[in-house]
Amino acid sequence: MDISELPKHFDTQAAESSWQARWRELGVYRYAEAAAGQERSAQERFAIDTPPPTVSGSLHVGHVFSYTQTDLVARFERMRGKSVFYPMGWDDNGLPTERRVQNYFHVRCNPGLKYEPGLDLSAAEGIDPKSPPRQISRRNFIELCLRLTQEDEKSFKELWGRLGLSVDWAQEYSTIDPRCRRAAQRSFLDLWRKGHIYSVEAPTMWDVDFQTAVAQAEVEDRKIAGHFHHVRFGVEGGADGFTIATTRPELLAACVGVTAHPNDERYRHLFGKRALTPLFGVPVPIFPSELADPEKGTGILMVCTFGDATDVRWWREQKLANRQILGRNGRLLAVQFGEANWPSIDPQRANTLYAELAGRSVKQARRAVVDQLRAPDEAVLRGLPPLAGEPTPLEHPVKFFEKGDQPLEFITTRQFFVRLLDKKPMLLEAGDRIQWHPEFMRHRYRTWTENLAFDWAISRQRYFGVPFPVWYPIDAAGEADYENPIVAADESLPLDPADATPPGFSEEQRGMPGGFLPESDVFDTWFTSSLTPMIASGWGEQPERFRSLFPMDLRPQSHEIIRTWAFYTIVKALLHEDRIPWKHVAISGWILDPDRKKMSKSRGNVITPMHLLDEYGSDAVRYWAAGAGLGADTAFDPNVLKVGKRLVTKLFNASKFVLGKEGRPGPIVYPMDRVFLLRLRELVRNATRHFENYEHQQALAETERFFWTAFTDAYIEMSRARTLGTQGAEAQGSALATLRIALGVFLRLFAPFLPYITDEVWSWRYAGETGCASIHASAWPSAADFPELSAGGNDGIFDVAVEALYAINRSRTGAGVSSAREIKTATLAAKPEAFPLLQAACEDIRLAVRADELLAIVEPQLDEAGSDKPGIEVRQIEFVSA
RNA sequence: GGGCGGUUAGCUCAGUUGGUUAGAGCACUUCCCUUACAAGGAAGGGGUCCGGGGUUCGAGUCCCUGACCGCCCA
C-alpha cells in the first residue's frame, strides 16, 4: 500500500466496520476446540465466564466500561498464545422480561394451561389494554420471551461488535434457552439426589406485590418513617399491666408472646406469667430473651407471627403458636377467635373487633386498629384505653425486596431451599482459594458468607422462569403429598411439569386422586445464572469439552452482585463438582456521573454509549475504559475520550512516518538506537507484568507515556535526519530498522487497548512480513522481538539527549522562535558526570534540533542541585535569521 | 453498629517495596502552520497530598486517631 497517499486522519467509522468483518472472516476470536477425544490443558487455554447482560436493561457507558476491561484481558491472553474461550450469554430471565412480554403481546402466563404448539401471536397493537389478557401456557410464554429478547440482544450485539469485544460468537447462550433450562433442572436433580435441597412449609420472606418468596440476597434495608405505638397489655390473673412499644400494631391479633431482656428489673417479675392482649384478650406467654433490647421502646415487646426475622426466631425457639393473620396478597385473613389455635377470654368481642380488620391491607388495618386501641378496654384493662399516649414518630430500617415497593412480610408457605448454613466453612475456604482483583473485594464475599442467616430459598411463585421438574403424588382422598415429590428423569430435561407426565404415570392421572399434581413454581433466576461457567463449558453434555474448560480462569463482574452471582456460582461449583468455578475474579468499578452519583436508570443520569463511539471512535472509548483499574469507580469524563482520540491520531501519524520511509533497514549498530531499544525492551517487561497482575491501566499508562515522550518526542526527532540517508547508509539502516522494530512492538502493546488502529497499521506492512493477517493473532511482544543488544556502556545517553532537547525547546519557546528555524550555533552545559554522555549524544542532539554547530561544555557548579537528572542547560544559542 | 474502600492541582486521575524539587491529561496563559501529526507541537503558572499525633536520617506512602464521602452487611 502507498502510505504517502493516506489521509491526514484515521477514519474510525469506516475502519471499525471493515475490521469487524475482517476479524469474522479470519476467525481471529474463535475458540479452538481440542481435537475430538482430546482435552485441552488449563495452561493452553484461557476461559472467561462472561457476565450475561440483562437484555431488557438499558445500555449505558457502564457496560462499555466493564466489558472493555474484560476484553483487554482476553486480547492479552490471546496474544500470549492461549486459546481464549470468551463466550457471550444473554440474561433474559426475570421480572423485567416477564412484564415486557405481558404488555407487548397482552398475555398472561398460566402455568396450569397446556402448551399450544405453533401458537402465533403478534404485538398487541390495537388491542384494548383493559380487555382481559389472553392466558397462555408457560412454554408458550417462554417462546414469546425468547422472541422478544432476541430483538433486545441485537442492540447489545451491535454495541459489542462496534466496541470490538473479541467474543467468540459461536459460543452464545441465553438463560432461558433450552440448554440453560436443561442445565438448571439438571442442577436441581443433582442437588436433590445429593440431599442439599429440601422443601419445607415455614415462614419465608415474602413480597406481597409480586406475591413470591424472595431470598436473603434479594433483600435490602430501607430506612422508612414509622411510629412507635405504646400499647397497654394486661396480665392474666393480676392487676398490673405493662406497656409495649410496637411499630406494627396491626399485627396485635397475631401476637403469640411477650418478651423482655432477662436482666431488665422492670419486667423480671412477669416472666413465666401470661399476658393478655388488649382488644382480642388473647393469653400469651411472657418469656425472657437476650435479644430484647432494654433501650428500645419500653424494653418489652410483643412477638407476632410474623413481624420480622426475630419474631420468627422467637417463634421457633419458644415453640410459640402460629397465628398467621396476613395473607399472601398482603391483606388480613379472616380468622375465628374461640376456635382451636385462636383462644380469647372474650371471643365474641374479639371477633367483632377483628371483623373490622379482615380483608384490609396492612396500612388500612394499622389505621383501623389504632382507632380501636383508643377506646377503653373493659375486658382486659379495666376501662383504660390500650393506646398510651399518641404514636411517636421514628425512622427505622425495614426489609424490602430489592425490586419491591412494600415492606417484606414473613409468611408461612412451602418453599424449596438449598441447604447452605451447614456449609459456611467450606464456602469460606473456597473464597480463599480464588484470587480476587482487587484483593480487598475478597472481604465482600467473606463478610456475606460469614453473616449468612438463611438457607437459599430457590422457589419463586412467578410464571416466567425455569420450572421445577417436580410433581406431587395425589393420594386416594385427593390430597397432594408435598413431602414426597416425584422428580423428573435426567433424559427428559428440559421439561415443564404442566406439560410433561411424571415417570410411572399417564397423562390421564393429572390432578386425579391416585395421580399427580405438577409443581407450578419456577427457580430463582440466580439458580440458573449461577451455572454460567458450567453451561458455557458443556456441563453434563460434553464431558471432554467440560474437562477442558472447567474450572475457568476468570469471572469478571461488578461488586454489588458478589453476594449473589459470585456467591451462588461458587456454591454450585462446589456442590456439583467439588471445585472452585474459576481461578480469578475481576471486579469492575462503577461509572459515576459528573456529580459522583452512580449511573442508573432510576436516577435518570444514564449516558448511552453509541454517540460516544460515533464521535470519538471505539478505540478512544476503550482507552477511557482501560484507564481505570479494576474495582475503581470512575466519574465519566469526556476529556479522557478526547485524549484517547488524540492518541489514536498520533499512532496513525507516527506510523505513517515510520512505514512511509524509503530505504533499507540494516543492522542496528548506532549507539542511540541500541539504547532506545533497551529501554523499549524494559517497557515490554513492565507492561507484561502489569497485565499479569490484572493491572491493565498501568500497562496502558506506561506504554502511552513511553510512546509519547521517548518515541515520538525524542527518538523520532533524533533519528529523523539519519532516516533520510544524510549520515550514510549504515546510520540510515540502523535507524530504519530501529523504527520498524519499535513501531511493531508499540502496535502490539497497544493492540489490546486500541484494536482498530493497531490492526489497521499492522496491515500496512507487518501482516505481510509476519504472516499474521491480524495483529490480534500475533504474538505479544517479548525479548524475542529484539535483536541481540550488547550491554554497551553509554546507556545514559538517551536521557541526556532528552534533557538537552527539552532545554533547547525551552530556549526556542522563550525566544518565540518557530521550531522550523534552524540553529546556527548552540552551547550546552552539563555537570561533570553527565558531560561524557552529553558529548556522546551531541551529534544526535545536533541533528534533532537542526543546528549547524553544537558545543558541549562542563560546568561543575551545575552539580550543586544534587539531582540525579542530567541537568543539561543551554548556555548560548543563536538562530539562523529568518 | 460492624466491615471495606476513598479523600493528591480548578476538573478527572496516577503515584509499584518509605527516598532527591509529588506526576499526567484536561482546563488556563504564552509562543509556534514544522518535514508523520494545527483534530498538531513547544513552554509556563497552578498542590498545607482531608485534619491531628507517632515511627524514621527521611512519610503522599507505614502505625494510631478524628472528620467527611461511597459501598457492603447488621
Side-chain angles (χ1 to χ4, degrees), chain A residues 3-4 6-10 12 216-217 219-221 293 309-310 397 399 436 438-453 558-563 587 589-590 592 594 596-598 615-617 620 623-624 627-629 631-661 686 689-690 693 695 697-698 700-702 704-705 708-709 711-713 716-717 720-721 723-724 739 743 761 805-822 850 865-869 871:
Chain A
I3 285 157
S4 62
L6 284 170
K8 283 217 160 194
H9 301 288
F10 178 53
T12 56
Q216 186 184 351
V219 175
E220 63 186 27
D221 279 357
D293 180 358
T310 325
K399 290 192 186 312
W436 300 78
E439 170 63 30
F440 65 76
M441 288 294 178
R442 174 191 304 282
H443 294 288
R444 299 274 180 105
Y445 174 83
R446 173 160 282 277
T447 312
W448 172 256
T449 308
E450 281 170 350
N451 292 320
L452 210 59
S558 60
H559 49 72
E560 82 275 16
I561 54 174
I562 289 175
R563 64 176 178 159
I587 305 292
W590 279 341
L592 311 174
R596 300 204 64 84
K597 295 273 178 258
K598 190 195 170 192
E615 186 177 346
Y616 298 98
Y623 170 88
W624 161 73
D633 294 349
T634 306
F636 179 74
D637 183 3
N639 278 327
V640 183
L641 296 170
K642 269 162 66 178
V643 177
K645 189 168 180 174
R646 214 170 56 119
L647 174 62
V648 169
T649 304
K650 191 76 173 178
L651 205 45
F652 183 69
N653 283 311
S655 301
K656 279 196 299 190
F657 172 79
V658 170
L659 298 180
K661 286 286 167 203
N686 289 343
R689 195 186 68 237
H690 292 315
N693 293 339
E695 292 183 322
Q697 79 284 5
Q698 301 275 15
L700 174 59
E702 257 183 71
E704 182 189 11
R705 186 185 177 80
W708 214 282
T709 61
F711 188 54
T712 65
D713 288 356
I716 284 186
E717 296 305 325
R720 183 194 301 279
T723 62
L724 301 171
L739 287 168
L743 182 63
V761 174
L805 292 180
Y806 288 159
I808 289 167
N809 279 341
R810 271 192 296 272
S811 300
R812 209 191 276 276
T813 303
V817 171
S818 154
S819 28
R821 291 262 296 279
E822 290 179 15
R850 276 166 300 126
S867 167
D868 282 347
K869 286 182 185 165

With a non-hydrogen cut-off below 4.0 angstrom, is [X] in contact with a base, only sugar-phosphate, or nothing?
{"X": "A:Ile716", "result": "base"}
{"X": "A:Asn653", "result": "base"}
{"X": "A:Gly660", "result": "nothing"}
{"X": "A:Arg812", "result": "nothing"}
{"X": "A:Ala635", "result": "sugar-phosphate"}
{"X": "A:Asn693", "result": "nothing"}

Would you say [X] places a side-chain N or O within less than 4.0 Å of OP1 or OP2 belonging to [N]?
{"X": "A:Arg444", "N": "B:rG3", "answer": "no"}
{"X": "A:Arg720", "N": "B:rA36", "answer": "yes"}
{"X": "A:Arg646", "N": "B:rG41", "answer": "yes"}
{"X": "A:Trp708", "N": "B:rG40", "answer": "no"}
{"X": "A:Gln216", "N": "B:rC73", "answer": "no"}

Quiz item: What about A:Lys650: does its side chain form a donor-acceptor pair under 3.5 Å with the base of B:rC37?
Solution: yes
Please give the distance between the [atom1] atoms of [N] and [M] as a whole number of Å.
{"N": "B:rC33", "M": "B:rG70", "atom1": "C1'", "answer": "48 Å"}
{"N": "B:rC26", "M": "B:rA67", "atom1": "P", "answer": "39 Å"}
{"N": "B:rC57", "M": "B:rC13", "atom1": "C1'", "answer": "33 Å"}
{"N": "B:rG47", "M": "B:rU8", "atom1": "P", "answer": "15 Å"}
{"N": "B:rG66", "M": "B:rC71", "atom1": "P", "answer": "22 Å"}
{"N": "B:rC72", "M": "B:rG15", "atom1": "P", "answer": "24 Å"}
{"N": "B:rA9", "M": "B:rG54", "atom1": "C1'", "answer": "29 Å"}
{"N": "B:rU65", "M": "B:rG23", "atom1": "P", "answer": "32 Å"}

Quiz prompt | Under-4.0 Å salt bridge between A:Glu702 and A:Arg705 | solution =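 Judged by the 4.0 Å cut-off on N to carboxylate O distance, A:Glu702 and A:Arg705 do not form a salt bridge.
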Heavy atoms from C-beta onward define the side chain here; which of [options] lies closest to that of [X]?
{"X": "A:Thr712", "options": "B:rA36, B:rC26, B:rC4", "result": "B:rA36"}
{"X": "A:Arg850", "options": "B:rU34, B:rU35, B:rA42", "result": "B:rU35"}
{"X": "A:Asn451", "options": "B:rA42, B:rU12, B:rC73", "result": "B:rC73"}
{"X": "A:Glu717", "options": "B:rC71, B:rC37, B:rG5", "result": "B:rC37"}
{"X": "A:Tyr806", "options": "B:rC37, B:rG15, B:rA43", "result": "B:rA43"}
{"X": "A:Glu560", "options": "B:rC26, B:rC13, B:rC72", "result": "B:rC72"}
{"X": "A:Lys642", "options": "B:rC26, B:rC73, B:rU12", "result": "B:rC26"}
{"X": "A:Gln698", "options": "B:rA43, B:rC37, B:rA14", "result": "B:rA14"}
{"X": "A:Thr634", "options": "B:rU34, B:rG40, B:rC13", "result": "B:rC13"}

Check the distance between [N]'s [atom2] and [X]'s [atom1] and give it to me in whole angstrom.
{"X": "A:Leu700", "N": "B:rU12", "atom1": "CG", "atom2": "P", "answer": "20 Å"}
{"X": "A:Arg446", "N": "B:rC4", "atom1": "CZ", "atom2": "C1'", "answer": "14 Å"}
{"X": "A:Arg705", "N": "B:rU16", "atom1": "CZ", "atom2": "P", "answer": "14 Å"}
{"X": "A:Asn639", "N": "B:rA24", "atom1": "CG", "atom2": "P", "answer": "17 Å"}
{"X": "A:Glu220", "N": "B:rC71", "atom1": "CD", "atom2": "C1'", "answer": "13 Å"}
{"X": "A:Leu743", "N": "B:rC37", "atom1": "CG", "atom2": "P", "answer": "16 Å"}
{"X": "A:Phe440", "N": "B:rC73", "atom1": "CZ", "atom2": "P", "answer": "15 Å"}
{"X": "A:Asp293", "N": "B:rA74", "atom1": "CG", "atom2": "C1'", "answer": "14 Å"}

Validation row: [X], [Y] side chains within 4.5 angstrom (heavy atoms):
{"X": "A:Glu704", "Y": "A:Tyr623", "value": "yes"}
{"X": "A:Asn639", "Y": "A:Trp624", "value": "no"}
{"X": "A:His443", "Y": "A:Trp436", "value": "no"}
{"X": "A:Tyr616", "Y": "A:Val640", "value": "no"}

Using purine N1 to pyrimidine N3 plus N6-O4 or O6-N4 for Watson-Crick, or N1-O2 and O6-N3 for G-U wobble, each under 3.5 Å, what pairs with [N]?
{"N": "B:rA59", "answer": "none"}
{"N": "B:rC4", "answer": "B:rG70"}
{"N": "B:rU34", "answer": "none"}
{"N": "B:rC13", "answer": "B:rG23"}

Self-check item: Residue met sooner reading RNA chain B from 5', once A:Val658 and A:His690 are mapped to nucleotides
Solution: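 Between the two, 5'-proximity favours A:His690.
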Practice problem: Would you kindly compare A:Ala654 and A:Thr447 by the position of their nearest RNA chain B nucleotide and give the one closer to the 5′ end? | Solution: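 It is A:Thr447, whose closest nucleotide lies nearer the 5' terminus.
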Scan the side chains in residues 645-660 of chain A for donor-acceptor partners under 3.5 Å anywhere in the protein, sequence neighbours excluded, and list what turns up.
| from | atom 1 | to | atom 2 | distance (Å) |
| --- | --- | --- | --- | --- |
| A:Lys645 | NZ | A:Glu615 | O | 3.1 |
| A:Thr649 | OG1 | A:Lys645 | O | 3.0 |
| A:Asn653 | OD1 | A:Lys656 | NZ | 3.1 |
| A:Asn653 | ND2 | A:Thr649 | O | 3.1 |
| A:Ser655 | OG | A:Leu651 | O | 2.6 |
| A:Lys656 | NZ | A:Pro7 | O | 2.8 |

Can you tell me how far the [atom1] atom of [X] sits from the [atom2] atom of [Y], to the nearest 0.5 Å?
{"X": "A:Thr813", "Y": "A:Arg810", "atom1": "OG1", "atom2": "CZ", "value": "9.5 Å"}
{"X": "A:Leu743", "Y": "A:Ile716", "atom1": "CG", "atom2": "CD1", "value": "8.0 Å"}
{"X": "A:Ile562", "Y": "A:Ile587", "atom1": "CD1", "atom2": "CD1", "value": "4.0 Å"}

